[in-house]
Structure formats: structure tokens, C-alpha cells
Amino acid sequence: MDNEEAMHELGPHSAAIVDALIRCAPGRLEIGLEAEGAIERFACGWVTTKEHDNVVAALTRSQALRSRLFEVREQLKAANLGLDAQAAVFAEDPALGRTMREALSASLSAYADWGSACAKALDVATERKDLARTFRSAIGRLVEGARSMVTGPRFAASRTAAEPHLVVVAPGNRTAELVVRHDSDDRIVAEARFNKPFGEPTEVSLYLVEPGGGWAWLGSSIARGQVWNLTTEGCEEISEIPPGRLDSRWFALSEGRRSPRKSLATNGPPVGHDEGSALRLTLVDAPTITNGVLTLSVEVPKDMPRHDTDARLQLAVDVGETIYVLNEWKVKDLPVSGPVALRAQVPGIPDCALELSSVLRLSIR
Amino acid sequence: MERLREVEAFVGKDAEASERAFLGLSHQIRQFLRRYLSSLAPDEDDRDDVIAVTLERIWTNRSKFQVRGEGQWWAYVATVGRRCAYDLGKAPATVVLQEDIANADYEVISWAAHHSRERAELFRLADESWLGWEAGTSDRDRNRQLLAAQLHYLDARPWAEICEIVGVGQPLSRTQLDQWLASEAVLRSLCYNCLYVHPDELVRHLLADVDESLDSLATRSLNEESPAPPGWTWQEIRLILWHYRNGLRFDKMCRLQPGLSEAMIEQALARVQHRLPFASIAEKLVAAFRRNGVRSEPLRAGGLWRRLAFEYHVSDELTQKQILDRTLPAAEVAGFKLTDGMLNVWISSGRLMNQICSHARRVHHG
């Protein structure tokens, strides 16, 4: 397509006029990377949508920037190996260390805000059922806040709401194709088709998947045969998410009816695992940040394996698409049973309760 | 159209409104005539004299102009400018006073006037017209696709990593990536992006061993109060900056520095000519496409070379000779036959401008 289509040929005088007019157009605006640490933030996934676009545009124009991006990505992979590796990488690349610490601070502050807004709404909702709407609005704010802050895999924006998402309803037994979409100003409609029919009418609940993996109940209705649907009102905040940005992957289904949880943290699913084994650590209380120290109280199971003396319990937090290691403990040093307070330095974060605890990751390495 | 309303106010009977409109229009007229008269009155001082007289005539005769369209307005300004150049004896005697304009031309002139104000749209149209992007593809999508191609063809990154980097919110699918990498528009954009070298970037490449900002270098080269960077004379630096950064012709440089001859300039610039990167960029692209089994021949697409010529002509205002210097070495490597005559048709005969205006009219306004 070289644009050789038939066209009117300009006379010489006209051609000169057109040429002069077009050359009056000022040069192309070059978009630079004014913000310090933009490439590092891009590499770890802690960028706004606008900054993401700016960095992509800058990368297309600079081989040097692309090389820096590859370098940072390699360093982030190395840093993910553990606390010592992370410290070594940040010492070697102070610009990356500085950016990651800033991103950690921003992400923890954001998680704390969303969590407390959500927890307050939950308290009200459990006391007065007619205020359940408040709870739903808080969830909506949480989702929208997350989506606008971060372009990470959890807040994918490119899928349309009408795109079905395969969810596990009962592990090893039942799955469903779930679609969640806006219906009107304050309603969302969820529809599911199960892989096999229910023998009798069964109550199925819809949950919003918390950014860190926890679930928040939105409502329930009866499934008949292979089909289930739910219309839930009072979701103005969710409905404010622009059309096409609501993602079915933010939602999950489960058999039965559950009340809204009083706290996402204390009653949420256990947060620790060791890469697929049955080991689970249960939160005793919501994590707190006081005087720049994050404290996480967990119950250590009695059957926690201790024969591997090198094993470490690692506490990390999601920063964009990257894992930031906060602290590590030797498993053999943990108490044999009962609660244990795990602490990590998070300087610069205001005191708060980190209600949205599922952003934290505990793992045995 | 806002500018047409300004013209209406200018030729109207309200004296105050007329004067106010003229203040706004005169800046645009100056900008236009500086370019339009560049071949008629090559000397800048002569051209400024012609522009001043033209503005005076346009003001004096304003009530005689009948507003019929923006195309007619600019044709009128151009005609008055040409006549002034003749009347003042600034135009070469060999130039014929050719003022005929076909009715169909006015619409194209009007389009050119419109797009000269919408610069982002102008360059987008150029990308659509010659690189093959579909109309309506956003800048964001073009950039993502181009970056994916760069990461694949130039940086040889694994596909999974490319999908992660260019994905927004979630990794791109392999199928989508493959479609992007095979797209003719993406391949041509990749070539264009490599082969177009901004004048500043070109000078930094030529003076790779000089670690100093070009602005500072330009200032120091003029006053010569401090020593030149090791291995260079101030005259060499000055000539490289004038020629490759500012796009000055040899005759202009001779006027700027009395005592300098064109032979001396050629000799000074010969020192860096072997460093010009265009042929080696084309070689790298050819090798990358061969390595990756690209069957189409994006480097032989005429649109690619038109797009390059358009950018050098419109954005950098380079002469035809300089455009040829920056395109021919790469075209030869790519196997595309590019000649001085072709550039002459594209640029001096207005083919490129006409094409882009026709494209705008056809694609965006049916």
C-alpha cells in the first residue's frame, strides 16, 4: 500500500503552496521520560496506564533504554531469590533500590487505605443488613482504586466484561464459565454455566476476588441444572468502572451461602503455603504497621516440617508485578506451636492496620 | 474553520476587528511565506523585505479579497508574495510568473492548511499513507506493536518476555504477537524507525568521542575562547553542526564564514562521512529479517522511502541533496532504486504533499 491510488495532480503553483503550508507544521513532539525511575517502575509493573504508554513510546526510540529495561528485569529476577540477593541487587544498583523502596511504600499505603475502607464498611454491613449496599460500594472503590493505580495482571483492562472466565466452583468436582457485566447504573449481572448439572436446586454465591487473593461475598442465588444467574443491586461503585473494564476474572463462585466476612484478614483464607503442600499458616489478627514496623501474627501448625534445616519462611509483598521480600526466618527457629509475631521494617509507612492482608505472601523456601 | 473566520473578520468592514484579525494572520502569513518564497528569494534578508511588502499589500487591498475558502485565501497570499518578489527584483529572471490554479486544487490547499495546524494528525496520516497503518490505530497500539518488533528483530528477546513487556495488564498472547510481527505496517515502521535518524542524534553519532551537549558545543565553537575537544578543530565542529544538525547548504555556510570555500567544507566533512550510519543500519535490518525468515520485503517498499523523505523534508527541512545523502546509502543496501529524479518528483513536484492530502480526504472524510 504505497498510496499510489489515482489522485488529482496539482499544478506547479498549487504544489508549491501545499508544500509550504505543510512545512509550516511544527516538528513532532518528543515524549521524554521526565519522571525519575520510570524504566525501573515499568520493569516491576508499578506504573499508571499513562506512564506505561510513555515508557513504551520512549523505548521504541531508544536502544539504550531498552538495554536498561533488560538489565533491570534480570536484576529483579535475581532479587526475587531471597532477602540477601535482594539486598545485594539494590546495593549494586542504587537507582533500582530507591525506586523499589518508593514503590513498596506507595503500594503498602494504598493497600492499607483500601483495606480500612473495606473493613469499616463490613462492620456496618454486619450490624444492619440494609446497609449491605455500603459494603458493596466499598468493594467497588477498592476495585476501581486498584485498577487506576496499577496496571498489573490482576487488574487487567483489556478484556471485556462479557468474556467468560472459567472458575472452579468445587475443587475436583465442578467448574463453570462465569460472565459478569454491567446491567444498569447500579446493577451487575453474573451468569454461569456449569460443566455438569446440579441434581437438585443449589445455592451458589458470587465473590469478588480481593487483589491479594482473598474473597469478598457479593450475593447468592439458586442454581438449577447447569445454569445460574444473579443480579445484584447497590453496586454503583463497581458500575462506575468504565464499560469494557469490568473483568470476569475479578469474581469467583462457590457452592453454599456465606455471610460477609467481618474482616477480610482474620477470617480470610490462610495466607501461607509451601508451593503446593498442605502446610498452611493462619492469621491470628490483621497485620499492623506501627512506627515503620509491619507485624504479622500467625498460627504455626504443629505438623510444620522442620527436618529441612535450611528451609526459610519468607514474607513478601506484591509491588506491581514484582515480589518485594520484606523478611525471612529460619523455619527451625519458629516456635513449635502457637502464635508467632513476624516483623519486617517498612520505614515511612503511616501507622495502620493492613486489613487487606492477602497482598502479603508467606512462603517456605 | 477558525482561520477562515479570522480571514472574514480581516476583510470585513469593522476596522477594529479587521486590525485585530490581521495581527493574528500576519504571523501565519510570515511563517508560510518564509517557506513558500525560499526558492524565489533564497537570500533571507531579501525574503524578509518581500514578506514586509507583501503584508502591506495584503492589508491595503483587503477589501478586494472575496472569501470563498481557505484554499483560495492561501493561493491569494502566495500570489501576492510572488508578485512582490518580482516587483522588488528579488526573484531570479529565469522564473516564470506562473499563477494558474485549477479549481480542484483549492480543496487540496485547504486540506494542507488544516493539517499544518494538526501536526500529530499530519504525521499519523503519513504513517497510514506510506507505512500502511490502518486508519484509527491509536498511537499506543502502534508503539506497542513497534516495540514488540524491535524486541524481536533487533534485540532477539524471547517471545514470552516480549509478551510480558508489551502487554497492558496481562501478557500478550503468542498468536497476537505473531500477527504483529508479520504485519507489513509493523515491519515498515520498524525499518522507518531505524533508518530515520534525527539530526541531533546523527551529530552525536558522528562526534561519538565528544562528551558534551550539542548546544554547548555550538556556542563554544562560535566564540572559540576555549580549546576544541581533543582531536577536532573548532571549524570542523562548526561545519558538522551546521551541515548535519542545521541542514545548511554549502553556499550558506560559505556566506556565514567568509574565507571558507565549498572545497574546504567538503574536505572537512569527508572526515566523518565514513561514520554515517545509514548503510550499516540497513545491513542490520536485512540480516535481522533474513535471520527471522521474513518473506516480505519491507525495505523495498516505496512507501518506506517516501515516508523517510517526507520526514526529512517536513520536520527537518533538509535540502533534496541532503535527503538523498541520508537515504541513498541505505536504499542501495536494501535493493531499492532511489534516484535524485524520484526525490525531485516526490518533493519539488509536490507528489508527497498531494498524496497525503488525497489520503486524508479519502480515508477520513469519504
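Naming: A, B, ... by sequence-line order, numbering from 1 per chain.
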Highest number of heavy-atom pairs under 4.5 Å with chain A: which of B:N193, B:L147, B:L352? B:L147
With sequence neighbours left out, what residues match B:Q28 under side-chain contact (heavy atoms from CB on, under 4.5 Å)? B:R3, B:E6, B:L25, B:W74
Please state whether the side chain, the backbone, both or neither of B:F310 comes within less than 4.5 Å of a heavy atom of chain A. side chain
Identify which part of B:Q31 has an atom lying under 4.5 Å from any heavy atom of chain A, answering side chain, backbone, both or neither. both
Checking the side chain of B:Q150 only, and the main-chain atoms of A:T60 only, is there a donor and an acceptor separated by less than 3.5 Å? yes
Using non-hydrogen atoms only, which part of B:S38 is less than 4.5 Å away from chain A: side chain, backbone, both, or neither? side chain
Minimum heavy-atom separation for A:A190 and A:L206, please, with both atom names. CB-CD2, 3.9 Å
Do B:Y153 and B:V186 come within less than 4.5 Å of each other through their side chains, counting heavy atoms only? no
Please state whether the side chain, the backbone, both or neither of B:C357 comes within less than 4.5 Å of a heavy atom of chain A. side chain
Does any heavy atom of chain A fall under 4.5 Å from the side chain of B:I109, the backbone, both, or neither of them? both
Show the nearest heavy-atom pair for residues B:W305 and B:L195, with the distance to one decimal. CH2-CD1, 3.9 Å
Is it the backbone or the side chain of B:E201 that comes under 4.5 Å from a heavy atom of chain A, or both, or neither? neither
Parallel, tilted or perpendicular: rings of B:Y196 and B:Y192 (30°, 60°): parallel
Could you tell me which portion of B:R142 (side chain, backbone, both or neither) has an atom closer than 4.5 angstrom to a non-hydrogen atom of chain A? neither
Kindly say whether A:D19 contributes a backbone atom to a donor-acceptor pair with the side chain of B:Y36 at under 3.5 angstrom? no
Below 4.5 Å from any heavy atom of chain A, which atoms of B:L190 appear? Answer side chain, backbone, both or neither. neither
